[in-house]
Each structure stands twice: as structure tokens, then as C-alpha cells.
Undergrad: 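Next up is a structure, given as C-alpha cells.
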Amino acid sequence: MRIGILTAGGDCPGLNAVIRSVVHRAVAGHHDEVIGFEDGFKGLLDGRYRKLDLDAVSGILARGGTILGSARLERDRLREAAENCDELARQYGIDALIPIGGEGTLTAARMLSDAGMPVVGVPKTIDNDISSTDRTFGFDTAVGVATEAIDRLKTTAESHQRVMVVEVMGRHAGWIALESGMAGGAHGICLPERPFDVADLVTMIEERFSRGKKFAVICVAEGAHPAEGSMNYAKGAIDQFGHERFHGIGNTLASELENRLGKEARPVILGHVQRGGTPTAYDRVLATRFGWHAVEAVHRGDFGKMTALNGTDIAMVPLAEAVTHLKTVPANRMDEAESVF
Ligand code: F6P
């Protein structure tokens, strides 16, 4: 068999572990040939690809990013790929395509699959917001980075008696804020799923200071919004990929808290630091398992599906099911987090 693989959308620690695993299972296990398209679907459309053999994936398990490069693609060009998918498969001589990506990529994978291309998707995102899988790789790494940041910020916050507002990634789902906030013992956690009232944060911080605790750390997801009427914060415009351009809730919240409390507050925007660098052991293992199962699905002809973590097992779930809605933080998980601060 000849299998094509690509990584699309925002990158994520563990992508190289999937690529390596696919190549090992396909080449060494099934005597397949694997080609890797560069920069996601762009490489598929523009004819940019290279052969991936065992040497090509040697030493990449622990490396962050993706050796293939990644890019977002406008919807029109994705439609173009779907319309020409028979021709594309013939042109490259591929029997199957394994796209690795988040919601946008898996939606594109579904379009290609519906148009007749043999596709097996692999979900990735540090945001952990893909439905039908308990976890995505990259999330554990991002939570580790954010947790370490909160730990570090607590000591400097305490020295200077400051309020620190840590902004983490998470456009629509606050999983990173929830778990790093819990693990780091943040004093407040603000998620996109539940608009926050800045007056509640002010009361909580004043109460902490009155008990002699002279600092506070608030962990806020980039997509968190204040409750209507609680603070001025405008929604951003939508870019060409359909993403809202945020105005920086971390900065806005820090200056609002500083004004209301009369205490120094500092914003810390973790940004792409959460996505860079080496994946944790957990993410390497999950990514490796996803790669192995994707190749097995190709050989079974189990197309139009993606790999998913179900408890401790890897399952195959229809792409149609996986992309219908995002997996956001449920109310009971928010209640648990709130109970500890
Ligand atoms: O991959 C998802 C994500 O990490 C979001 O949490 C974040 O808003 C976005 O990517 C940032 O993407 P870009 O690399 O385009 O700035």
C-alpha cells in the first residue's frame, strides 16, 4: 500500500510521534510506502511531498512541532481538494490518507472522505476539545507548561504582593485553564464556558488579603468572557479561518483588577510556549498508539473514521460524529474546580 500523511492546523507536541509511529507500523510492519505532504493540505494541493522511510523518522519521537510543517487552509481551497480528491489520490498513487489535526482538519478530512477519498483521521490539539475522544495528545504537555508557570508565578507574586493573571490557550473550551488552574492551585479560574463576574474575583482576592495571604493568581482561558455588564470587553472580529481575534482578556482583566483592588496586578500571556517543545511521556505514548491504530484501520479498510481514546483503549469513531460539536468543559467539572478556591 502507499499511504499519504499530513499535519494541518496549529501544531502540537506529539505530532512527530504520530508520524514516526505511522511510518514504523506501515513500513516495517506492513511493507507499505509512506509519503508525507508538506504544510498540511497545502502540500497535497500543491504537489509538495516527500517519501518517509525509517531513516526519515529516526530521532523525532521527543521533538516538538512537526517535521512535515503545518498550515491552516481557507475553506475554498479545502473544497477544491474535496472536489479533486479522486484525481489527487491517482496523482500521488495513494491508497489512503492520514490527516492529523484538530477540528478544522478533521472537518476537512470528513469532506474528503465524503467525496470518496479513503481517509483515517488522527485527532490532535492542545485544547483537548475534540468530541468522541477522552483526550488528545498535546494537552498533557500544555497543562504541564501552564502548571509550572502558575507555580513559578506564585513565588514572585508573593514576594511583591501582587495579583497575577495567567492567560492560557483555549478558544471555546477551557480544559487547559481548568486543569492547570487546579494543578497549580490558582485562586480563580475563568473559562469560556462560564462567563465570570469580575466583582466575584475582587471579593475573593480582598478576602484572601484580609486573611494575610498577600497575593493571588487567576488563571484565565483566552476565550473567557466577562458576564454581561460586569466589565467592558468587546468580542473580536473573525479572521479568514473563522477564528475570533481576541482582544486579550489577560491584559484587560489584570488592569481591571488593579483598578478595582488598588493593588498591583500583572498579566502573563503564555501563548505559544504551551504548544512548543518536547511532548510529555503521556503524549508520546498516546500519539504513538494513535499512529499504530491509524495504520491498522487503513489495512482493515476502516475509512471515514478517526482514532480516539476511550478509557484506556483506542477506538475508531466516525469523523461525522467527531466533528459535530466541540467537547467543552461540563458544569460538574467547573463546580469541582470552584470548590477548591
Ligand atoms: O491549536 C489551537 C490553538 O492552540 C488555540 O488554543 C489558539 O487560540 C490557537 O491555536 C492559536 O493559533 P495560531 O497558531 O494560529 O496563533
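We count ligands from 1, going down the list as the structure has it; atoms in each ligand are counted the same way. Index from 1, following the sequence.
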Undergrad: Do any heavy atoms of Gly170 fall under 4.0 Å from ligand 1?
TA: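 Judged by the 4.0 Å heavy-atom criterion, Gly170 does count as contacting ligand 1.
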
Undergrad: Tell me which one of Glu193, His172, Glu179 satisfies side-chain contact (heavy atoms from CB on, under 4.5 Å) with Val329.
TA: Glu193

Undergrad: Give the residue, atom name and distance (to 0.1 Å) of the protein heavy atom nearest atom 12 (O) of ligand 1.
TA: Arg72 NH2, 2.9 Å

Undergrad: Around atom 16 (O) of ligand 1, find the nearest protein heavy atom and jot down its residue, atom name and distance.
TA: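 Nearest protein contact, heavy atoms only, for atom 16 (O) of ligand 1 is His272 NE2, 3.0 Å.
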
Undergrad: Below 4.0 angstrom from a heavy atom of Arg275, which ligand 1 atoms are there? Numbered from 1 as shown, please.
TA: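 Checking each atom against Arg275, I get 1 (O), 3 (C), 4 (O), 9 (C), 10 (O), 11 (C), 12 (O), 13 (P), 14 (O).
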
Undergrad: For atom 4 (O) of ligand 1, what's the nearest protein heavy atom and its distance?
TA: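 Checked against all protein heavy atoms, atom 4 (O) of ligand 1 sits closest to Met169 SD, 3.1 Å.
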
Undergrad: Once the angle between the rings of Trp175 and Phe139 is folded into 0 to 90°, is it parallel (under 30°), tilted (30 to 60°) or perpendicular (over 60°)?
TA: perpendicular

Undergrad: Under 4.0 Å from a heavy atom of Glu222: which atoms of ligand 1 are those, numbered in the order shown and with their elements?
TA: 5 (C), 6 (O), 7 (C), 8 (O)

Undergrad: Give the minimum heavy-atom separation between Phe290 and Ala308, together with the two atoms involved.
TA: CE1-C, 3.8 Å

Undergrad: Centres of the Phe37 and Tyr92 rings: under 6.0 Å?
TA: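 Yes, the ring of Phe37 comes within the 6.0 Å limit of the ring of Tyr92, centre to centre.
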
Undergrad: Have a look at ligand 1 and work out which part of Gln274, if any, has a heavy atom under 4.0 Å from it: side chain, backbone, both or neither.
TA: neither

Undergrad: Which protein non-hydrogen atom lies closest to atom 5 (C) of ligand 1, naming both residue and atom, and how far is it?
TA: Asp127 OD2, 3.3 Å

Undergrad: For His30 and Glu296, test the side chains for any donor-to-acceptor distance below 3.5 angstrom and give the result as yes or no.
TA: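 Glu296 and His30 do have a side-chain donor-acceptor pair below 3.5 Å.
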
Undergrad: Which residue is it: Arg25, Arg2, His299? I am looking for the one with a side-chain hydrogen bond (donor to acceptor under 3.5 Å, both in side chains) to Asp32.
TA: His299

